[in-house]
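Here the structure is a predicted model, which is why all the values come from computation and not from measurement.
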Amino acid sequence: LFSTGAADTCQVTVTQPRFQEADYSVHTVFLACAFSASGCSSSPPQVLWFRFLTNKHEDLCTPGCTDHQKYKVHLLSGNNISLQINDLTVDDNAVYICGIAFSDSSSPRSKQAGDGTVLMKTEKQHSNGKLIFMIIASSLLFLYSTTVFTLFVVYKKISSGRKIFQAIAQELQKQRYAEHCRQPDDLEDDTVYQNR
């Protein structure tokens with residue numbers, strides 16, 4: 001039990017830009033993430049990052065980064081954070097999701113994830129396939145946002161930031177696979193989306 005009710009009223013909101021494009025000549029990019037916290041403790045929160053690629057998810061920083069040369073988290077002024085990605089290639093095109101967790105709070109709203117940023121590094125000639133993927137990925141972000149919020153409630157029962165993001169990513173991957181199986185092969189046939 002907490003000695004004061006302050007931690008129990010902790011509420012976090014996370015915002016990310018929807019899209020970020022990098023020219024083919026860019027080798028380092030910074031993805032922005034901002035959060036607001038109300039009724040939370042003064043201790044700094046955990047900052048977590050993971051991403052969705054075409055067929056899999058990856059934990060990037062949960063909270064320690066898996067590859068310190070490739071990824072670095074920066075705590076900027078106020079409640080602004082950025083993820084630095086080095087040696088950027090088109091293989092880094094993905095949906096990047098930022099999470100904020102006040103682990104000392106029992107409030108389900110104290111652990112939240114952003115809606116994700118679609119990062120697209122362009123090749124010298126644009127690849128239509130990758131552009132189509134980015135459009136589809138961004139539309140799926142809306143479907144995922146509710147699930148991400150729901151799964152963050154589970155965080156209070158899981159002590160490790162890595163475990164919660166693995167749980168979130170596995171659930172989203174299952175939903176993504178289910179959506180993929182329901183979608184027609186022809187991308188131009190959008191009757192599935194119209195029926196939602």
Side-chain angles (χ1 to χ4, degrees), residues 1-20 29-52 57-68 71-85 94-119 137-176 178-179 196:
L1 295 176
F2 292 91
S3 58
T4 66
D8 292 332
T9 63
C10 178
Q11 183 167 330
V12 176
T13 302
V14 181
T15 56
Q16 295 180 248
R18 282 291 198 175
F19 299 95
Q20 185 157 335
V29 71
F30 294 85
L31 301 182
C33 174
F35 72 93
S36 61
S38 172
C40 302
S41 68
S42 58
S43 59
Q46 287 186 323
V47 179
L48 308 102
W49 284 91
F50 67 104
R51 70 177 179 178
F52 284 94
H57 82 276
E58 290 182 349
D59 297 328
L60 302 181
C61 302
T62 59
C65 295
T66 56
D67 184 340
H68 294 283
Y71 307 107
K72 184 178 287 189
V73 175
H74 297 279
L75 303 177
L76 308 175
S77 60
N79 293 338
N80 295 303
I81 299 153
S82 70
L83 176 67
Q84 177 181 340
I85 306 174
V95 179
Y96 290 78
I97 297 178
C98 171
I100 300 294
F102 283 85
S103 56
D104 57 356
S105 171
S106 64
S107 168
R109 298 284 295 174
S110 64
K111 293 89 182 174
Q112 297 294 319
D115 290 334
T117 298
V118 178
L119 173 64
S138 63
S139 66
L140 290 175
L141 285 176
F142 176 77
L143 299 174
Y144 291 160
S145 59
T146 302
T147 304
V148 170
F149 168 76
T150 302
L151 287 172
F152 253 91
V153 175
V154 180
Y155 182 91
K156 64 182 179 180
K157 298 179 181 177
I158 303 174
S159 59
S160 167
R162 171 175 279 278
K163 287 181 182 178
I164 182 60
F165 271 80
Q166 285 176 341
I168 290 172
Q170 287 170 0
E171 181 62 26
L172 295 184
Q173 191 67 19
K174 280 191 251 176
Q175 287 193 8
R176 182 182 208 170
E179 289 294 325
R196 287 192 172 276

Exercise for the section: For F30, check ring pair (Phe, Tyr, Trp, His ring centres under 6.0 Å) against everything at least two apart and list the hits. Expected result: H74
Handout entry: Validation row: V12, C40 side chains within 4.5 angstrom (heavy atoms)
Key = yes
Handout entry: Smallest separation among heavy atoms of F50 and D59, with atom names
Key = CB-CA, 3.9 Å
Fill in the blank from the handout: Of all heavy-atom pairs linking A32 and T117, the shortest is O-OG1, 4.5 Å
Handout entry: Inter-residue atom distance Y96.OH - L31.CG, 0.5 Å rounding
Key = 7.0 Å
Exercise for the section: For residues L83 and C61, report the shortest heavy-atom separation together with the two atoms involved. Expected result: CD1-SG, 4.2 Å
Practice task
Using the test side-chain contact (heavy atoms from CB on, under 4.5 Å), find all partners of S36 that sit at least two apart in sequence or belong to another chain.
Solution key: T13
Fill in the blank from the handout: Residues S103 and K111: closest non-hydrogen pair is CA-CE, 4.1 Å
Exercise for the section: Would you confirm whether Q16, through its side chain, and V118, through its main-chain N or O, come within 3.5 Å as a donor-acceptor pair? Expected result: no
Exercise for the section: Could you check C65 against L60 for side-chain contact (heavy atoms from CB on, under 4.5 Å), going step by step and ending with a plain yes or no? Expected result: CA-CA 5 Å; C65 295; L60 302 181; over 6 Å; no
Exercise for the section: Nearest 0.5 Å please: distance from the CD atom of Q11 over to the CZ atom of R109. Expected result: 5.0 Å
Problem - Nearest heavy atoms of G116 and V95, plus distance in Å - result: CA-CG1, 4.2 Å
Handout entry: Contact summary for C98 and V14, nearest pair of heavy atoms
Key = O-CG1, 3.9 Å
Practice task
Could you check W49 against T62 for side-chain contact (heavy atoms from CB on, under 4.5 Å), going step by step and ending with a plain yes or no?
Solution key: CA-CA 6 Å; W49 284 91; T62 59; over 6 Å; no
Handout entry: Any pair counted as salt bridge (Lys or Arg N to Asp or Glu O under 4.0 Å), so long as it reaches residues 30-51, sequence neighbours left out
Key = R51-E58, R51-D92
Completion exercise
The side-chain hydrogen bond (donor to acceptor under 3.5 Å, both in side chains) partners of T15 (sequence neighbours excluded) come to none
Practice task
Please confirm whether the backbone N or O of C10 pairs with a side-chain atom of S107, one donor and one acceptor, at under 3.5 Å?
Solution key: yes
Handout entry: Residue pair F35 / P45, side-chain heavy-atom distance below 4.5 Å
Key = yes
Exercise for the section: Begin from the C-alpha positions of I81 and L76 and carry the test side-chain contact (heavy atoms from CB on, under 4.5 Å) through to its verdict. Expected result: CA-CA 5 Å; I81 299 153; L76 308 175; over 6 Å; no
Practice task
Start with the C-alpha gap between S41 and S43, add the side-chain angles, then the distance that decides, and say whether side-chain hydrogen bond (donor to acceptor under 3.5 Å, both in side chains) holds.
Solution key: CA-CA 5 Å; S41 68; S43 59; 2.8 Å; yes
Exercise for the section: Would you give the length of the straight line joining atom OG of S110 to atom CG of D104, rounded to the nearest 0.5 angstrom? Expected result: 8.0 Å
Handout entry: Evaluation steps, side-chain contact (heavy atoms from CB on, under 4.5 Å), between L119 and V29
Key = CA-CA 9 Å; L119 173 64; V29 71; 4.2 Å; yes
